Protein chains: 2
Amino acid sequence: MTYKNINIGESELEIMKVLWKAGEPVNTQYISEAVEDKGWKRTTISTFLVRLVEKGALSVEKRGKLYYYSPLISQKEYRKSQTKNLIMSLYNGSIKDFAVSLFDEQTLSDNDIKELKAIFEDKEV
Amino acid sequence: MTYKNINIGESELEIMKVLWKAGEPVNTQYISEAVEDKGWKRTTISTFLVRLVEKGALSVEKRGKLYYYSPLISQKEYRKSQTKNLIMSLYNGSIKDFAVSLFDEQTLSDNDIKELKAIFEDKEV
DNA sequence: ATTTTATGACTACGGATGTAGAATATAGGT
DNA sequence: ACCTATATTCTACATCCGTAGTCATAAAAT
């Protein structure tokens with residue numbers, strides 16, 4: 001539990017996702033290919049990497065002449081902290097209000113609801 | 001459904017919360033008192049108000065010599081859009097993954113879970 | 001050895017946000 | 001009519017984020 005509330009921007013997050021998915025240290029080339037669809041310039045990606053390292057979201061290691069990056073924050077941790085933030089800031093910390101709102105109107109499809117019911121009903125307390 | 005994805009900053013959100021809670025147009029003085037605990041200077045609050053109006057998050061109306069503000073975005077709408085954003089960006093849009101993660105580890109207390117079960121079990125599809 | 005290519009470092013710049021000081025307007029009291 | 005307290009506008013500034021250009025360096029290709 002060493003997670004300090006690090007802010008990760010939207011674009012930076014895309015980089016994190018690549019790293020989380022990779023599951024092992026990868027180099028810039030790998031990352032560049034993985035985010036090709038974003039159309040970012042090479043230097044843009046570099047900037048994101050530098051900033052993520054500065055923020056403590058990634059670690060970097062030089063192997064030969066290339067840098068390899070790995071996440072210092074797990075996707076799980078990050079998801080959890082972001083979800084918590086949302087519930088705290090928008091629902092005064094009430095999970096219940098939050099769940100109620102999830103049901104509201106078109107937020108969920110019938111199928112979503114089915115799935116959720118299944119999940120919750122299985123849950124033992 | 002006129003909600004365009006307006007970005008509201010963290011501090012600005014505090015102002016919105018006051019307005020949502022108030023439920024009727026209120027003036028700057030009212031707002032100032034409501035956010036006293038934040039320790040913001042008067043001009044800071046003014047700036048937030050001006051920006052929120054510019055963004056289309058608030059409407060403003062002059063009554064006599066004072067300005068009265070009211071939200072143009074409902075709390076419900078805003079919550080919904082933010083929740084959706086979170087699920088889209090962190091869980092690839094999968095409500096299911098999201099719910100599963102909610103259960104993960106210490107995110108929920110036993111009581112939270114009880115409440116949620118109750119809510120979900122009541123839900124008809 | 002010289003040229004091209006890949007990689008990384010440094011610098012920049014505009015917009016958003018948090019924050020507030022200075023200047024101005026306005027109303028109310030005297 | 002003048003002073004004072006309060007409200008509003010304008011301007012400013014630092015930080016973060018998205019984005020990228022330029023320069024340097026090193027390796028690979030010719």
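Below, chains carry the letters A, B, ... as their sequence lines are ordered, and counting in each starts from 1. Remember, predicted model here, so these are calculated numbers, not experimental data.
At the phosphate of D/dT8, neither OP1 nor OP2 sits under 4.0 Å from any side-chain N or O atom of B/Y69.
Look at CD on A/E54: it is 12 Å from C1' on C/dC10, rounded to the nearest Å. For B/Y30 and D/dA7, the OH to C1' distance is 19 Å, given to the nearest whole Å. Look at CD on A/E12: it is 11 Å from P on D/dC16, rounded to the nearest Å. Distance CG (A/L49) to C1' (D/dA20): 15 Å, rounded to an integer number of Å. The CG atom of B/N7 sits 12 Å away from the C1' atom of C/dG15 (whole-angstrom rounding). Computed from coordinates, the B/E10 CD to D/dC17 C1' distance equals 15 Å when rounded to whole Å. Rounded to a whole Å, the NZ atom of A/K38 is 14 Å from the C1' atom of D/dG18. Between B/E33 atom CD and D/dA7 atom C1' the separation is 14 Å, expressed in whole Å.
We find that B/K17 and B/E14 are joined by a salt bridge, their nearest charged nitrogen and carboxylate oxygen being less than 4.0 Å apart.
Closest approach of A/P71 to A/L58, counting heavy atoms only: CA-CD2, 3.7 Å. When all heavy atoms of B/I45 and B/S32 are compared, the pair lying nearest together is CD1-OG, 3.8 Å. Nearest heavy-atom pair, A/V18 versus A/A34, reported as atom, atom and distance to 0.1 Å: CG1-CB, 3.5 Å.
At most 12 non-hydrogen atoms from other residues, nucleotides or ligands lie less than 6.0 angstrom from NZ of A/K96. Annotation: A/K38, atom NZ; neighbour count of heavy atoms from other residues, nucleotides and ligands within 6.0 Å is above 12. Counting heavy atoms of neighbouring residues, nucleotides and ligands inside a 6.0 Å radius, atom CD of B/E61 exceeds 12 of them.
Taking a 4.0 Å limit (strictly below) on heavy-atom distances, residues 15-24 of chain A does not reach DNA chain C anywhere.
Looking at heavy-atom distances under 4.0 Å, B/K62 makes no contact with the nucleic acid at all.
Position along DNA chain D of the nearest nucleotide to A/R42 versus A/G9 favours A/G9 as the more 5'-ward residue.
Classification of the A/W40-A/F48 ring pair by plane angle, with boundaries at 30° and 60°, yields perpendicular. Ring orientation note: the planes of A/F98 and A/Y91 are nearly perpendicular, at an angle over 60° on the 30°/60° scale.
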When every nucleotide of nucleotides 19-30 of chain C is labelled 5' to 3' by its protein contacts under 4.0 Å (heavy atoms), B for base, S for sugar-phosphate only, - for none, what sequence of letters results?
BBBB----S---
